[in-house]
Amino acid sequence: MTIIEVPEGWPADEREARAVQDALRARVSLDEAGPRPGVGAVTGVDVAYDDDRGLVAAAAVVLDAETLAVVEEATAVGRVAFPYVPGLLAFRELPAVLAALGALRSAPGLVVCDGYGLAHPRRFGLAAHLGVLTGLPAIGVAKNPFVHAHGELGPRRGDTAPLRADDGTELGRALRTQQGVKPVYVSVGHRVSLDNACAHTLRLAPRYRLPETTRLADRRCRDALTAALTRPADPGSADPVRGVV
DNA sequence: GCGACAG
DNA sequence: ATCTTGTCGC
């Protein structure tokens with residue numbers, strides 16, 4: 001487990017954060033198909049919080065894209081650097097996620113985020129932001145609707161309904177990953193096509209509604225948070241609870 | 001102005 | 001995100 005470091009120049013308020021999004025948005029690459037589903041590595045990232053103590057824990061879990069077997073995992077713990085504001089989630093989650101990703105020894109391959117990519121108020125959600133900062137191909141798979149409504153979609157696994165911007169642009173898709181469950185919301189982050197993002201999501205969810213990447217990352221970051229609360233001060237390393245770094 | 005609002 | 005037991009269903 002590593003200690004989170006907040007990147008230089010991290011925004012201090014909402015106005016600065018929106019300006020960062022508007023500035024970085026142009027760096028998103030939308031002309032690449034991205035990694036082929038089932039080939040190489042796929043990494044899930046997720047974050048858990050202890051609001052009372054202002055603590056955050058992140059996990060990055062690397063899977064073999066073909067077998068979905070765990071290849072490697074890393075966690076990071078530290079203090080929360082930004083409040084939760086709809087549309088600015090990345091500023092709350094990224095410091096922790098970047099720390100966990102940075103602790104990996106193996107190549108992450110495609111990164112699967114909990115949340116949105118382009119289907120965002122300024123078309124620059126968590127997955128797009130992570131992709132731009134790391135250069136890695138990234139997609140967003142959210143559990144709940146956000147700013148874009150969608151029509152009904154079929155009941156079978158693989159059925160979709162588009163998430164459209166006002167100008168008609170398809171920014172994402174509601175995707176049914178299992179029969180009889182609510183859909184997940186897939187959107188492109190960086191260097192991946194929407195078709196490919198949906199194909200990856202389906203492959204990663206052979207049994208449950210959510211992709212194995214997010215299920216595993218969710219489990220690991222919760223464990224890391226519990227461990228940080230249980231075993232606060234690690235002699236020899238900094239204490240994330242007290243913020244001594 | 002009011003409500004909605006990823007995690 | 002997080003607070004939380006039992007319970008319906010495969």
Side-chain angles (χ1 to χ4, degrees), chain A residues 4 11 14 17-18 20-21 25 28 44-61 75-101 111-132 138-150 155 157 161 163-166 171-175 177-190 194 197 201 206-211 213-226 228-229:
Chain A
I4 296 167
E14 299 184 19
R18 291 194 189 86
V20 169
Q21 292 180 330
R25 184 174 43 203
V28 173
V45 293
D46 195 18
V47 176
Y49 300 94
D50 182 84
D51 287 326
D52 296 325
R53 300 174 221 242
L55 290 183
V56 56
V61 183
T75 59
V77 177
R79 298 196 139 279
V80 175
F82 205 88
Y84 171 66
V85 180
L88 301 179
L89 178 65
F91 298 97
R92 180 170 171 80
E93 303 218 330
L94 276 183
V97 170
L98 294 175
L101 278 176
V111 179
V112 181
C113 300
D114 251 36
Y116 285 85
L118 298 190
H120 173 275
R122 285 167 297 283
R123 302 196 186 188
F124 196 69
L126 175 64
H129 203 146
L130 182 149
V132 165
I139 66 174
V141 180
K143 298 182 289 294
N144 298 295
F146 191 22
V147 287
H148 304 98
H150 66 269
R157 170 177 159 86
L163 269 38
R164 293 190 186 285
D166 294 332
L171 297 178
R173 280 175 201 155
L175 168 65
T177 55
Q178 300 292 332
Q179 183 180 63
V181 302
K182 298 190 307 176
V184 296
Y185 303 88
V186 179
S187 57
V188 165
H190 185 55
L194 182 54
T201 302
R207 168 95 170 108
Y208 300 103
R209 178 171 87 113
L210 298 180
T213 37
T214 74
R215 285 169 46 79
L216 290 165
D218 178 78
R219 184 41 152 176
R220 301 326 292 152
C221 69
R222 292 196 200 209
D223 291 347
L225 186 61
T226 299
L229 268 45

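Numbered from 1 within each chain, the chains take letters A, B, ... in sequence-line order. Note that the coordinates shown come from a computational prediction; the quantities given were computed from them, not determined experimentally.
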Do Phe146(A) and the base of dA6(B) stack face to face, with centres under 5.5 Å apart and an angle between planes under 30°?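 A stacking contact exists, since Phe146(A) sits close and nearly parallel to the base ring of dA6(B).
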
Pi stacking test for Tyr49(A) and dG7(B): under 5.5 Å apart, planes under 30°: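 Here the ring of Tyr49(A) and the base of dG7(B) are not stacked, as the 5.5 Å and 30° limits are not both satisfied.
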
Backbone of Leu210(A) reached by a side-chain donor or acceptor of Thr214(A) within 3.5 Å: no

To the nearest 0.5 Å, how far apart are CG in Leu89(A) and SG in Cys113(A)?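 Going from the CG atom of Leu89(A) to the SG atom of Cys113(A) covers 9.5 Å.
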
Once you round it to whole Å, what is the distance between [atom2] of [N] and [atom1] of [X]?
| X | N | atom1 | atom2 | result |
| --- | --- | --- | --- | --- |
| Gln21(A) | dA6(B) | CD | C1' | 12 Å |
| His148(A) | dA6(B) | NE2 | P | 13 Å |
| Gln179(A) | dC10(C) | CD | C1' | 13 Å |
| Tyr208(A) | dC10(C) | OH | P | 16 Å |
| Leu210(A) | dA1(C) | CG | P | 9 Å |
| Leu130(A) | dA6(B) | CG | P | 19 Å |
| Phe91(A) | dA1(C) | CZ | P | 21 Å |
| Arg219(A) | dT2(C) | CZ | C1' | 15 Å |

Would you mind classifying the nucleic acid contact of [X] as base, sugar-phosphate or nothing, using non-hydrogen atoms under 4.0 angstrom?
| X | result |
| --- | --- |
| Ala48(A) | sugar-phosphate |
| Leu88(A) | base |
| Gly140(A) | nothing |
| Pro145(A) | sugar-phosphate |

Are [X] and [N] close enough that a side-chain N or O sits under 4.0 Å from OP1 or OP2?
| X | N | answer |
| --- | --- | --- |
| Asn144(A) | dC5(B) | no |
| Arg222(A) | dT2(C) | yes |
| Lys143(A) | dG7(B) | yes |
| Tyr84(A) | dA6(B) | yes |

Residue pair His150(A), Tyr185(A): steps toward the ring pair (Phe, Tyr, Trp, His ring centres under 6.0 Å) verdict: CA-CA 10 Å; His150(A) 66 269; Tyr185(A) 303 88; 5.5 Å; yes

Do the side chains of Arg79(A) and Asp51(A) get close enough for a salt bridge, i.e. N-O under 4.0 angstrom? no

Could you tell me whether Arg220(A) and Asp223(A) make a salt bridge, using a distance below 4.0 angstrom between a side-chain N and a carboxylate O? yes

Looking only at the side chain of Asp114(A) (C-beta and beyond, no hydrogens), which of the listed nucleotides dT2(C), dC5(B), dG7(B) gets closest? dG7(B)

